[in-house]
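Everything numeric here is computed off the predicted structure, so don't read it as measured data.
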Amino acid sequence: MESSDRCPKQRAMVQAKTWVLTRHFEGFPKDSNFELKLEQLPEPKDGEVLLEALFLSVDPYMRPFSRVRMKEGEVMIGTQVAKVIQSNNPTFPVGCHVVGRCGWRTHTVSDGTGLTCLLSDWPQDVSMSLALGAIGMPGLTALYGLEEVLGLQAGETLLVNAAAGAVGSIVGQIAKIKGCRVVGSSGSDGKVAFLKELGFDEAFNYKTVGSLEEVLKTASPDGYDCFFENVGGPFSSVAIPQMKEFGRIAVCGSISTYNDTNPQTGPYPHLTMIFKQLKMEGFMVSRWEHKNPESLMRLMAWKREGKLQCREQVTEGFENMPAAFMGMLQGENIGKAIVKV
């Protein structure tokens, strides 16, 4: 069965299912922004491989990045864990597993550009889907934001919002590993309970508190040394004045503004930043790509030692990609949102 599965005659008939962006998003994404299409794939040439998707990622960045990195009619951007099912490239033999920026598609012919093999000693008892989460881009984002941007030190107090999401939940856990006090904000009581399970010192539901300013002051009366910012908007306007002098802010995301048709306005933080001499830096994980191999091994070691819990929200079926994406943007997931093909 396996050998006939690889024969060139069979492979010439492989069809990929793809999700295409029919029209750029205006406001919150809708079903009509997406179209499921079939694509006939050619035989892999020399140096090429045929990939079959196992797990696909849906992430907040897809909302703003689709506008600047895609044209209407193109396959939606995104990353997946895939299995090599036919290979004319010795770097990626048949049967190996890779992470690739292949977009929302079930099968891909690739020349190997942008493909990364999973860790060679990936444990059998750890789902490969974590290569899209804690042992992948979100985990690396958390690690680099804390170490490279914030320079987080033991004994400091960290504030993180969207704290039960793919990045925020790892941010808080790494900060605890480093001996810090962690305050987390999330959008449901279930998520708050999850943050407590992870060892956050304080956690609250920003949707139900009477005053965000008061709850931030109560959680850390002396203020915050570091702020890992995933949300933006009004939350940021309230949080920045709670920073200590010389506080540091890592701007990872601004999910509260991604679906706005009209830009939000003020209040503006400049005077607070001047008076408190704050440092605020935006970043993207790709800046430290050269460190990824070593960093992924560190994340995996923490996972194996039980120091890193990795919650996933798994949606079954490639046909449910848009629903999983929109649900993630609405905050339905705890931990990493994944689609299993």
Engineer: Any carboxylate oxygen within less than 4.0 angstrom of a Lys/Arg side-chain nitrogen, looking at K191 and E197?
Structural biologist: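 Salt bridge flag = no for E197 with K191.
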Engineer: Between D225 (side chain only) and T157 (backbone N and O only), is there a donor and an acceptor less than 3.5 Å apart?
Structural biologist: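 Such a contact is found between D225 side chain and T157 backbone.
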Engineer: Could D201 and K176 be called an ion pair, given the rule that one side-chain N must be under 4.0 Å from one carboxylate O?
Structural biologist: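 Judged by the 4.0 Å cut-off on N to carboxylate O distance, D201 and K176 do form a salt bridge.
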Engineer: What do you reckon, is CZ of R311 surrounded by more than 12 foreign heavy atoms closer than 6.0 Å?
Structural biologist: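 Yes, enclosed.
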Engineer: Do NZ/NE/NH1/NH2 and the carboxylate oxygens of E156 and R181 come within less than 4.0 Å?
Structural biologist: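 Result for this pair is no, no salt bridge flagged.
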Engineer: Would you say the side-chain atoms of E229 pair up with the backbone N or O of G232, donor to acceptor, closer than 3.5 Å?
Structural biologist: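 A pair under 3.5 Å: yes.
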Engineer: What distance separates K196 NZ from E202 CD, expressed to the nearest 0.5 Å?
Structural biologist: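 That separation rounds to 5.0 Å.
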Engineer: Any carboxylate oxygen within less than 4.0 angstrom of a Lys/Arg side-chain nitrogen, looking at E147 and K178?
Structural biologist: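 Between K178 and E147 there is a salt bridge, with a charged N closer than 4.0 Å to a carboxylate O.
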Engineer: Are F28 and Y258 close enough that their ring centres sit under 6.0 Å apart?
Structural biologist: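 No - the distance between ring centres of F28 and Y258 does not fall below the 6.0 Å cut-off.
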Engineer: Between R287 and E281, does any side-chain N to carboxylate O distance fall below 4.0 Å?
Structural biologist: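 Here R287 pairs with E281 in a salt bridge, since their nearest N and O are under 4.0 Å apart.
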Engineer: Flag the pair K291 and E148 as a salt bridge only when some basic side-chain nitrogen lies within less than 4.0 angstrom of an acidic carboxylate oxygen.
Structural biologist: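 Result for this pair is yes, salt bridge flagged.
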Engineer: Using a strict 4.0 Å threshold on nitrogen-to-oxygen distance, state whether R69 and E74 make a salt bridge.
Structural biologist: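 Result for this pair is no, no salt bridge flagged.
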